[in-house]
Number of protein chains: 2
Amino acid sequence: MVGTTVVNRAVKKLGKQTFQLANPPVIVGAAAIVGPKEGQGPLGNIFDLVLPDTLAGEKTWEKAERKMLKDAVNMALQKANLTTKDIDFFMAGDLLNQIISANFTARDLGIPFIGLYGACSTMVESLCLGSMLIDGGFANNVAVAASSHYDTAERQYRFPTELGVQRPPSAQWTVTGAGAMVVSGTGIGPAVTHVTIGKVIDLGIKDANDMGSAMAPAAADTIVAHFKETTRQPSDYDLIISGDLASIGHSLTIQLVKQAGYDMSKNFTDCGILIFDPSQDTHAGGSGCGCSAVVLSSYILGQMKAGKYKRVLAIGTGALLSPTATLQGESIPGVAHAVVMDAHSLSGG
Amino acid sequence: MVGTTVVNRAVKKLGKQTFQLANPPVIVGAAAIVGPKEGQGPLGNIFDLVLPDTLAGEKTWEKAERKMLKDAVNMALQKANLTTKDIDFFMAGDLLNQIISANFTARDLGIPFIGLYGACSTMVESLCLGSMLIDGGFANNVAVAASSHYDTAERQYRFPTELGVQRPPSAQWTVTGAGAMVVSGTGIGPAVTHVTIGKVIDLGIKDANDMGSAMAPAAADTIVAHFKETTRQPSDYDLIISGDLASIGHSLTIQLVKQAGYDMSKNFTDCGILIFDPSQDTHAGGSGCGCSAVVLSSYILGQMKAGKYKRVLAIGTGALLSPTATLQGESIPGVAHAVVMDAHSLSGG
């Protein structure tokens, strides 16, 4: 451009997809609410609230889902000693047409709202964007959240649950749950130090009952970009956790990342693997926006506070499934965003 | 919090919802593609491309919509003398389950992707967020876009178009169109100086054929917040334009904003009013993500470059309609985000 000096404005950019926050915001509060099946799983006693049934006193599953989401946000605020008045943005999304759980929750909360959609990557997408807005000088406190519900998602994407359709071994179980975090410019908690924004990747998987395989290429692409651009190795993290690849997508991702020269076999797990026990008959594991939202908001942050994990790389993985697109012969593209949560500040280390 | 100094990180915040960008990014390129009906409207000769039919050589309307969106982004890049390699983020959304037009376009573009959903407010939501990410030090160039398509939207939200259901006078006509802008840290174009993020407002409208009334309260709420927090008056703008309230929502918003002490009767119009002529039988006017996307990306930016408008306040208004929520007795909440486009930099004024 003639006469114009091109200045680099992307000073926080390490590589094509990865950003290092100048003054890392901290996660000062988080909460997770789950349904009864999730409550019976291995993390059952860690969640803030386990609902007695999937309706939670509401008339429909959709209303139950948004109640969970609203309650999770309010719980996270309470733990952060903040009220809705302190929050600059509410950033959220869910799986439903058209992110109604987030929209109606925003209506009830009365906070400036930014609606997002990244399928199961939504919680990490919100966390990435919320952290960037604080670091960019736009906010002091941001509430980020995501939810899903087995019954609302299944009838929307696959079959009415009343039909009792048999699920193949590759199928994942949509988690009934809502997770929320409060990210703040000041305070005590794990810091968000890096963000890696993913591209949409599609290697041609068309089976709505094999989301893990559909998401693995996107997960691997984002993870490899993260390692390359930060010049870090898997061993620089105490834990690498995706959500929600479940068992099939998890092994596939390890293989794909290994082909790029990074060995994640020792410290890589997945929210969809952690949330259910194999005896719970969920086949490949958990999925849905709510899965990574509740596991990150409760178990992972809890382990970081307890000092077990200092530095965690969390990858939100979304299968961009649409029944309409599938009927029109399209495959299921995937997307994955990653965020580094670093607890070194907690102990001053 | 004991022992923690609370620092104000939100240095760009003027009020609860409005932000002033420190180094306003500029809109360096934009493009708009529309369908045949939009091409026959008053702005027909201004758009970059008018499709001969609503299928645009594709097998389905959904595929046609995503083709429009991809082509609009590529055209905007071309006008900005940039390629996809120069773009840090692609930020987009649309009306379809689950923003498939944006998802599949992102897959084809291969750029780090942030999926958004704000119904008809999506274009302004993308423009707000994209500008904030550049101003925050995360990007040099961002592509923002939105699309809608009469046939894909009508069959998803209301009735199969083949049914020929009679439309009430309050109904709006979903625009077939895709608009895209390239926002950059350096270059020549109107600058994005302020952003106002809206809250979700719901005064109880339940009629999916009266979206204007559903959105007007949210539009008015955001506009009034903008004036209060910037201490500006309507007369500080050469033009105030919403998208897409159409005629009913437009008059209602003027009234609601007047009650708060601001007179917008002289310089307030709407993308949904401008795009169709009353003789085109679209009743209340245009709507859909694509409506404000194409009118802002072509007509408004063109008038700013021509020197007619120096400073424009654009308000994206979204009706958060979901057929599922409506069937469950819910009303239609609205949301509105606003952005100031200032062309003073173009002439050095």
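Every chain is numbered from 1, with letters handed out A, B, ... down the list of sequences. Model, not experiment: these values are computed from the prediction.
A salt bridge links Lys63(A) with Glu330(B); the closest basic N to acidic carboxylate O contact falls under 4.0 Å. Remark: Asp135(B) engages Arg9(A) in a salt bridge, criterion side-chain N to carboxylate O under 4.0 Å. The existence of a salt bridge linking Lys13(B) and Glu229(B) is excluded, since no basic side-chain nitrogen approaches an acidic carboxylate oxygen closer than 4.0 Å.
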Should Thr152(B) and Glu62(B) be marked as a side-chain hydrogen bond (donor to acceptor under 3.5 Å, both in side chains) after you check the CA-CA gap, both sets of side-chain angles, and the distance that decides it?
-> CA-CA 6 Å; Thr152(B) 66; Glu62(B) 284 75 14; 5.2 Å; no

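For chain B, the option among Lys59(A), Gln156(A), Arg107(A) with the highest count of heavy-atom pairs below 4.5 Å is Arg107(A). Contact count against chain B (heavy-atom pairs under 4.5 Å) is highest for Leu129(A) among Leu21(A), Val335(A), Ile201(A), Leu129(A). The candidate from Gly185(A), Ala225(A), Ala325(A) with the greatest count of non-hydrogen atom pairs under 4.5 Å with chain B is Gly185(A). Considering only heavy-atom pairs separated by less than 4.5 Å from chain B, the leading option among Lys16(A), Gln328(A), Gln20(A), Gln17(A) is Gln328(A).
Residue contact with chain B, scored on non-hydrogen atoms closer than 4.5 Å, involves the side chain of Phe89(A) exclusively. For Phe19(A), the part sitting under 4.5 Å from any heavy atom of chain B is the side chain, from C-beta outward, and nothing else. Heavy-atom distances place the backbone of Ile111(A), and not its side chain, under 4.5 Å from chain B. Both the backbone and the side chain of Ser331(A) have a heavy atom closer than 4.5 Å to some heavy atom of chain B. Of the atoms belonging to Leu96(A), it is backbone heavy atoms, and not side-chain ones, that fall under 4.5 Å from chain B. Interface remark: Asp108(A) contributes no atoms to any contact with chain B (heavy atom separation under 4.5 Å). Residue contact with chain A, scored on non-hydrogen atoms closer than 4.5 Å, is absent for Phe90(B). Contact annotation for Glu125(A): only side-chain heavy atoms (C-beta onward) come within less than 4.5 Å of a heavy atom of chain B.
Under the side chain to side chain contact (heavy atoms under 4.5 Å, CB included) rule, Val182(A) has a single partner from Val142(A), Val144(A), Ile87(A), which is Ile87(A).
Formation of a donor-acceptor pair under 3.5 Å by the Asp94(A) side chain with backbone atoms of Ala146(A) is not found in this model.
For the pair Lys12(A) and Phe138(B), the cation-pi test (distance below 6.0 Å, angle within 45°) is passed.
Smallest separation of non-hydrogen atoms from Val124(A) and Ile315(A): CG2-C, 4.2 Å.
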